[in-house]
Protein chains: 2
Amino acid sequence: MSYRIGEAAKRAGCKVETVRYYEQAGLLPEPARTEGNFRLYSEAHLEQLRFIRHCRSLDMPLEDIRNLLELKAQPIENCAEINELIDEQIRRVEEQMALLIQLRRSLQELRGQCIGPEVTGTCEIIRGLSDCQCHGGADSTV
Amino acid sequence: MSYRIGEAAKRAGCKVETVRYYEQAGLLPEPARTEGNFRLYSEAHLEQLRFIRHCRSLDMPLEDIRNLLELKAQPIENCAEINELIDEQIRRVEEQMALLIQLRRSLQELRGQCIGPEVTGTCEIIRGLSDCQCHGGADSTV
DNA sequence: TACAATCCCTCTAGTAACTATAGAGTCAAG
DNA sequence: CTTGACTCTATAGTTACTAGAGGGATTGTA
C-alpha cells in the first residue's frame, strides 16, 4: 500500500506542505517517487508521520522529536533518555503555565482599575500601563 | 534631557536592537538625530518605550499595542475599547492555559506508561506515541 | 481526443517579535 | 593618534509552519 502526499497528509491529519516540510527538516525520510515525480509514501512512512504529529500535538519541538526518532530506531530503546525528553517537555509546559498564571493576575488587576475616565480625567488602564516603573528606572540593573 | 539608544534601552529594560525594531515597526516615532546620526530620545519617547515594554510583559501582540497607543493619544480616551483589548488579552491567556493543562495531562499520562523495556521488549512511551490513532486513521475526517 | 479539474512539483517569501552578525562610522579619553 | 565603547544600516537567522507563483501530471468527462 502506498500513498501520494495528499492522502498521506489527510491520514496524518496535517497539510501537504507540512509533510514536505518534515522531509526537508530531516524528520521524514525521502520517499520513493512515481515516474511523474510524485512522492510515494509507504505504511512505515505514514506511521512515522503520525508519530511526529502526535509529538507535535504535545508541543514538543522538532529537535526533540528528531532525538526521539533516533532513540526509537535503536534496537534497544533507552528508556532513561526517552523519559528525560518527556520530563523536559513537562517542565517546559509547567514553566509556561506558571508564566500564564502570573500574566493573568497582572491583566486582571489592570482590568479592575477601570473606573471610567470621569474621575481622574484619564483612563486608569492607560495610566497603569504608563506609570509602572518595573521596566527600568534610572537605576535599572538589566 | 535626552538619551542615546543604549541609555534608552537600558532604562526601558530591553536591548538596543529591540528599540530600533519598535521604531521600524511603527510603534515608536522616529527620534531626532545628532550630527553624527545617532538617535536622540526624549523623555516622551522613553515613556512610550516603557509603555510598550509593559504591554509586552503582558504578552500583548504588537498590533494591539499599536491600537492602545492610538487610543492613548486621543484626547478623550475610550475606556470601552481599551477594556476590550485587555479582555481579549485575558481571553488569549486563558485559552493558552487551558491548552497547557490538557497538554500536561497527556504528557503525564504518557510518562506514567514507562515500565522499563524488559516487559514488552519496547519502550511503552514510544509505543504510546506510535499507536495513538488520534492523528487520523483510514477514516480520518480532517 | 480535447479539455477542465484536481492533484502534485520546486522555489521563494511571509508569519511574530525579536536576535545576531557584518562592516562601517562616531566620539570621548588617554 | 589610537583605543575602545558606542552607534549606524542592512541583512539573515530563529520556530514550525503557511501561502503563493508558475509550472507539470493525472484523472474524469464530453
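Quick note on labels: first sequence line is chain A, next is B, and so on, each numbered from 1. Computed from heavy atoms alone, side chains included, the values below leave out hydrogens, waters and symmetry copies. What you are looking at is a predicted structure, and each value in this text was computed from that prediction instead of being measured.
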## Note on the structure
The complete set of salt bridge (charged side-chain N to carboxylate O under 4.0 Å, His left out) pairs with one or both residues in residues 19-43 of chain B, sequence neighbours excluded, reads B:E23-B:R39
### Query
What pairs of residues pass the salt bridge (charged side-chain N to carboxylate O under 4.0 Å, His left out) test when at least one of them lies in residues 100-111 of chain A, not counting sequence neighbours?
A:R104-B:E94, A:R111-B:D87
### Task
Starting from the C-alpha separation in whole Å, work towards a yes-or-no answer on salt bridge (Lys or Arg N to Asp or Glu O under 4.0 Å) for A:E84 and A:R91.
CA-CA 10 Å; A:E84 185 42 46; A:R91 271 197 299 278; 3.0 Å; yes
### Query
Side chains of B:R53 and B:Y22: do they bring a donor and an acceptor to under 3.5 Å?
yes
### Query
Do we see a donor-acceptor contact under 3.5 Å between the side chains of B:R11 and B:Y41?
no
### Message
Quick check on contacts: within residues 93-104 of chain A, what sits under 4.0 Å from DNA chain D by heavy-atom distance?
### Response
none
## Note on the structure
A correct 5'-to-3' footprint of nucleotides 4-17 of chain C, with B, S and - meaning base, sugar-phosphate only and no protein heavy atom under 4.0 Å, is ----SSB------B
### Query
Got a donor-acceptor contact below 3.5 angstrom from the B:R66 side chain to the B:E70 backbone?
no
### Query
Are the side chain of B:H54 and the backbone N or O of B:F51 linked by a donor-acceptor pair below 3.5 Å?
no
### Task
Report yes if some heavy atom in the side chain of B:L129 is under 4.5 Å from a heavy atom in the side chain of A:L58; otherwise report no.
yes
### Test side-chain hydrogen bond (donor to acceptor under 3.5 Å, both in side chains) applied to A:E95 - qualifying residues, sequence neighbours left out
none
### Query
From the 5' end of DNA chain D to its 3' end, which nucleotides mark the outer limits of contact with chain A, defined by a 4.0 Å heavy-atom distance cut-off (strictly under)?
D:dA16 to D:dT26
### Message
One thing to verify: whether A:R92 and A:D64 come together as a salt bridge, which I'm taking to mean a side-chain N less than 4.0 angstrom from a carboxylate O.
### Response
yes
